K.L.:
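Here it is, the structure, as structure tokens.
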There are 2 protein chains.
Amino acid sequence: MSRQKEVILGVLRAQRFHPTADEILLRARQRMPALALGTVYRNLKALCEEKKVRRIPMEDAPDRYDGFVEPHDHLVCTVCGKVYDVPPLQSKEALEAKLATRVDGYELKVYFTCPKCQAKN
Amino acid sequence: MSRQKEVILGVLRAQRFHPTADEILLRARQRMPALALGTVYRNLKALCEEKKVRRIPMEDAPDRYDGFVEPHDHLVCTVCGKVYDVPPLQSKEALEAKLATRVDGYELKVYFTCPKCQAKN
DNA sequence: AATGAAAGTGATAATCATTCCTATTTTATT
DNA sequence: AATAAAATAGGAATGATTATCACTTTCATT
């Protein structure tokens with residue numbers, strides 16, 4: 001594991017948040033100023049394949065990345081875009097039973113308006 | 001509703017499928033050869049806002065569009081990308097109960113390997 | 001029928017997240 | 001230290017989607 005990869009994973013594990021590749025770059029550069037965005041993307045992809053990191057594909061915004069990979073789903077604020085973790089809302093087994101097929105996985109995003117954004121109206 | 005918009009909606013309602021903007025353009029041009037891709041995107045966006053069409057955001061491929069808007073979810077083949085309709089697998093109410101929050105909606109995609117693609121191995 | 005305002009269009013340029021390319025640097029190995 | 005292999009930095013390329021804008025179409029009103 002290269003030093004860059006370690007730093008990137010370190011950023012993602014330092015706190016429970018869901019940054020974009022850009023935000024990861026910014027933070028990682030505090031420790032490694034020459035780090036390139038391409039390197040961030042390349043290592044994020046590798047880390048996802050190694051199941052150390054999870055990508056959260058966003059519909060109308062840059063994808064987010066998650067350094068915590070125990071099963072959980074995401075609650076997304078439609079106003080500010082912030083992402084919250086929630087316990088798993090589905091299970092592969094339940095889906096397989098309902099659909100009567102083998103299932104490879106699922107991607108569930110629940111949309112809501114976070115308390116902060118609600119307060120602003 | 002402009003003639004272009006009608007044609008685009010017509011394409012989407014003609015059969016139960018989930019084409020990309022490009023595929024919609026191709027089919028619509030059979031009836032309206034001068035139609036522009038920008039016009040397709042513009043009208044798809046409008047139709048989505050009017051709740052006549054539903055966008056299916058894809059993670060690593062162009063988005064799909066769905067002319068049938070009764071509640072249902074999608075089963076996506078990880079190999080060929082084909083999208084199948086399935087009955088709703090969640091309900092806003094159940095999610096609200098589980099999460100103890102108001103919920104605006106959800107987006108669930110279940111991944112599997114379709115029979116055709118399974119057969120090829 | 002002529003008008004004028006509003007809405008919609010086609011063509012093309014711009015955007016922007018992500019990927020690709022390549023010369024260079026780092027790392028591991030002998 | 002020499003060499004090979006792997007990874008990087010930096011920048012250019014890609015490709016889906018949006019924005020722009022001059023021009024047309026629509027349509028209510030005269």
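Just so we're clear, the structure is a prediction, and the values are computed from it rather than from any experiment.
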K.L.:
Tell me: CE of B:M58 to C1' of C:dA17, nearest whole Å?
P.N.:
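Interatomic distance, CE of B:M58 to C1' of C:dA17: 19 Å.
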
K.L.:
Between B:D63 and B:M58 (side chain of the first, backbone of the second, donor and acceptor by atom type, cut-off under 3.5 Å), is there such a pair?
P.N.:
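Looks like yes, one N/O pair under 3.5 Å.
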
K.L.:
Quick one: is A:Y41 getting a side-chain N or O under 4.0 Å of the C:dT18 phosphate, OP1 or OP2?
P.N.:
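Checking A:Y41 against C:dT18: at least one side-chain N or O falls below 4.0 Å of OP1 or OP2.
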
K.L.:
Rounding to a whole Å, what distance do you find between B:L25:CG and D:dT18:P?
P.N.:
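For the pair B:L25 CG and D:dT18 P, the rounded distance is 15 Å.
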
K.L.:
Roughly, in whole Å, what's the span from CD in B:E6 to P in D:dT25?
P.N.:
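It works out to 17 Å between those atoms.
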
K.L.:
Within this structure, what is the CG-to-C1' distance between A:L37 and D:dT8, rounded to whole angstrom?
P.N.:
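After rounding, the reported distance stands at 13 Å.
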
K.L.:
Separation of B:L44 atom CG from D:dA16 atom C1', in whole Å?
P.N.:
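Distance check: B:L44 CG to D:dA16 C1' gives 13 Å.
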
K.L.:
List, with names and distances, any nitrogen or oxygen atoms from the protein found under 3.5 Å away from nitrogen or oxygen atoms belonging to nucleotides 5-9 of chain C.
P.N.:
residue	atom	partner	partner atom	Å
C:dG8	O3'	B:S2	OG	3.4
C:dT9	OP1	B:S2	OG	2.5
C:dT9	OP2	B:R42	NH1	2.9
C:dT9	O3'	B:Q4	NE2	3.2

K.L.:
Near A:R102 CZ, under 6.0 Å, is it more than 12 heavy atoms from other residues, nucleotides or ligands?
P.N.:
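For A:R102, atom CZ is not crowded (no more than 12 foreign heavy atoms under 6.0 Å).
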
K.L.:
Expressed in angstrom and rounded to an integer, what is the separation of A:I8 atom CD1 from D:dA7 atom P?
P.N.:
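Checked: the CD1 to P distance equals 13 Å.
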
K.L.:
How is B:D22 classified with respect to the nucleic acid when contacts are heavy atoms under 4.0 Å: base, sugar-phosphate, or nothing?
P.N.:
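B:D22: no heavy atom of the nucleic acid under 4.0 Å.
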
K.L.:
A:Y106 side chain to A:Q90 main-chain N or O, any donor-acceptor pair under 3.5 Å?
P.N.:
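Yes; judged by distance alone, with no hydrogens or angles, the pair exists.
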
K.L.:
From NZ of A:K45 over to P of C:dC20, roughly how many Å is that when rounded to an integer?
P.N.:
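The distance from NZ of A:K45 to P of C:dC20 comes to 6 Å, rounded to the nearest Å.
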
K.L.:
Can you tell whether the side chains of A:R13 and A:E6 come within less than 4.0 Å, N to carboxylate O?
P.N.:
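Looking at A:E6 together with A:R13, the answer is no, because their closest N to O distance does not fall below 4.0 Å.
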
K.L.:
Show your reasoning for whether side-chain contact (heavy atoms from CB on, under 4.5 Å) applies to A:Q118 and A:F112.
P.N.:
CA-CA 10 Å; A:Q118 265 179 13; A:F112 82 134; over 6 Å; no

K.L.:
Between A:L47 (CG) and D:dA7 (P), how many Å, whole number?
P.N.:
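Interatomic distance, CG of A:L47 to P of D:dA7: 12 Å.
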
K.L.:
Tell me if a side-chain donor or acceptor on A:H18 pairs with a main-chain N or O of A:V83 at a distance below 3.5 Å.
P.N.:
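Judged by distance alone, yes, a pair lies under 3.5 Å.
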
